Trainee: 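I have a structure here, written as structure tokens, and I will follow up with some questions on it.
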Amino acid sequence: FSENDRIANLRRTDGSPPVHLADAKALALSDDGKWALAIRAHETPESHQLLVLPTGPGLGKTIELTGLRLIRRARFAPDGRHVAVIGRAEDAPGFAVHWVDRETGERRAITPPELEGYFLEISPDGRQVATIGAGGALTLFPVAGGPPVRLTEPGEPWAPAGWDAGGHLFARRLNE
């Protein structure tokens, strides 16, 4: 969790005190709970660092996201090597999901730069991301490319809330 979007902490559910992870905004935990994602903004909004932090002993890694700004959300992919990040590229008109390789830092957009909202969930097989696409429609985007699948009509207030192990997507109504 974050304190004031500036301090990333980890707190176990056993009531033990929180552990400081970094001076950064916390974004996500890996499925196995061994890693946390956080974002550290630089002096300029065009350059950010994505931090991959161990929740126990070990060394973290910094991934420079040069050219991305206004990072809103990030999630670990099930393969453990990739991270999906909602951000705005400097030359783009809007936000997109970017697929980032944790080892090399290479990234590519997997959605058009037209997302609405900051919701992001990755399917258990890592083949699709669910987010709110153009016009506010809950949409699935294939990670490998291809046509998106719109699950709701534009303007319907649904957002992805997670997936179960069987590959079923859960959605929730916004503002309720």
Side-chain angles (χ1 to χ4, degrees), residues 1-2 5 25-33 35-39 41 45-52 63-176:
F1 70 92
S2 284
D5 284 345
K25 179 182 178 181
L27 296 173
L29 281 174
S30 61
D31 288 342
D32 62 8
W35 299 95
L37 283 177
I39 190 80
E46 290 80 22
S47 181
H48 288 274
Q49 290 178 329
L50 186 65
L51 307 176
V52 182
I63 302 171
E64 289 290 338
L65 296 176
T66 305
L68 277 188
R69 58 186 174 160
L70 304 173
I71 306 300
R72 298 296 186 214
R73 184 87 63 214
R75 295 282 185 258
F76 285 101
D79 67 7
R81 180 172 175 146
H82 294 92
V83 176
V85 176
I86 292 181
R88 187 172 180 172
E90 16 182 76
D91 58 349
F95 290 91
V97 176
H98 299 266
W99 198 249
V100 180
D101 186 307
R102 285 176 51 184
E103 300 301 317
T104 66
E106 292 179 24
R107 69 175 165 86
R108 63 182 171 83
I110 58 173
T111 70
E114 60 188 18
L115 301 184
E116 295 187 17
Y118 312 125
F119 300 94
L120 173 64
E121 298 294 338
I122 304 173
S123 64
D125 63 8
R127 293 182 181 179
Q128 301 176 89
V129 296
T131 190
I132 300 175
L138 178 59
T139 306
L140 295 176
F141 291 92
V143 171
V149 176
R150 194 171 65 194
L151 301 177
T152 64
E153 292 300 316
E156 290 183 3
W158 291 96
W163 299 76
D164 69 9
H168 299 97
L169 176 66
F170 290 88
R172 68 178 184 87
R173 288 181 66 86
L174 294 172
N175 304 318
E176 289 186 12

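This structure is a prediction, so every number in the text was calculated from the model and none was measured.
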Trainee: Which pairs, with at least one residue in residues 160-175 and sequence neighbours excluded, count as a salt bridge (Lys or Arg N to Asp or Glu O under 4.0 Å)?
Mentor: R173-E176

Trainee: Test of understanding: with side chain to side chain contact (heavy atoms under 4.5 Å, CB included), list the residues that count as partners of A134, not counting sequence neighbours.
Mentor: E114

Trainee: According to ring-ring contact (aromatic ring centres under 6.0 Å, His included), does anything in residues 112-162 pair up with another residue at least two apart or in another chain? List the pairs.
Mentor: F95-Y118

Trainee: Identify the two heavy atoms, one from L37 and one from A74, that lie closest to each other, and give their separation to 0.1 Å.
Mentor: CD1-CB, 3.8 Å

Trainee: Is a side-chain N or O of T131 found less than 3.5 angstrom from the main chain of G133, in a donor-acceptor match?
Mentor: no

Trainee: The criterion is side chain to side chain donor-acceptor pair (under 3.5 Å); which residues satisfy it with D32, sequence neighbours excluded?
Mentor: S30

Trainee: Can you check whether V149's main-chain N or O pairs, donor with acceptor, with T139's side chain at less than 3.5 Å?
Mentor: no

Trainee: Using side chain to side chain donor-acceptor pair (under 3.5 Å) as the criterion, list what pairs up with S123, not counting sequence neighbours.
Mentor: D125

Trainee: Quick one: list whatever passes side chain to side chain donor-acceptor pair (under 3.5 Å) with D79, sequence neighbours left out.
Mentor: H82

Trainee: Would you mind telling me which of R108, R81, R107 makes a salt bridge (Lys or Arg N to Asp or Glu O under 4.0 Å) with D101?
Mentor: R81

Trainee: Just to verify, what does R72 make a salt bridge (charged side-chain N to carboxylate O under 4.0 Å, His left out) with, not counting sequence neighbours?
Mentor: none

Trainee: Tell me if a side-chain donor or acceptor on T152 pairs with a main-chain N or O of A137 at a distance below 3.5 Å.
Mentor: no

Trainee: Look only at the side chain of Q128 and the backbone of P142, and say whether a donor-acceptor pair between them is shorter than 3.5 Å.
Mentor: no

Trainee: I'd like to check the salt bridge (charged side-chain N to carboxylate O under 4.0 Å, His left out) partners of R75; sequence neighbours left out, ordered by chain and number.
Mentor: E121

Trainee: Can you sort out the partners of R150 under side chain to side chain donor-acceptor pair (under 3.5 Å), two or more places apart, ordered by chain and number?
Mentor: none

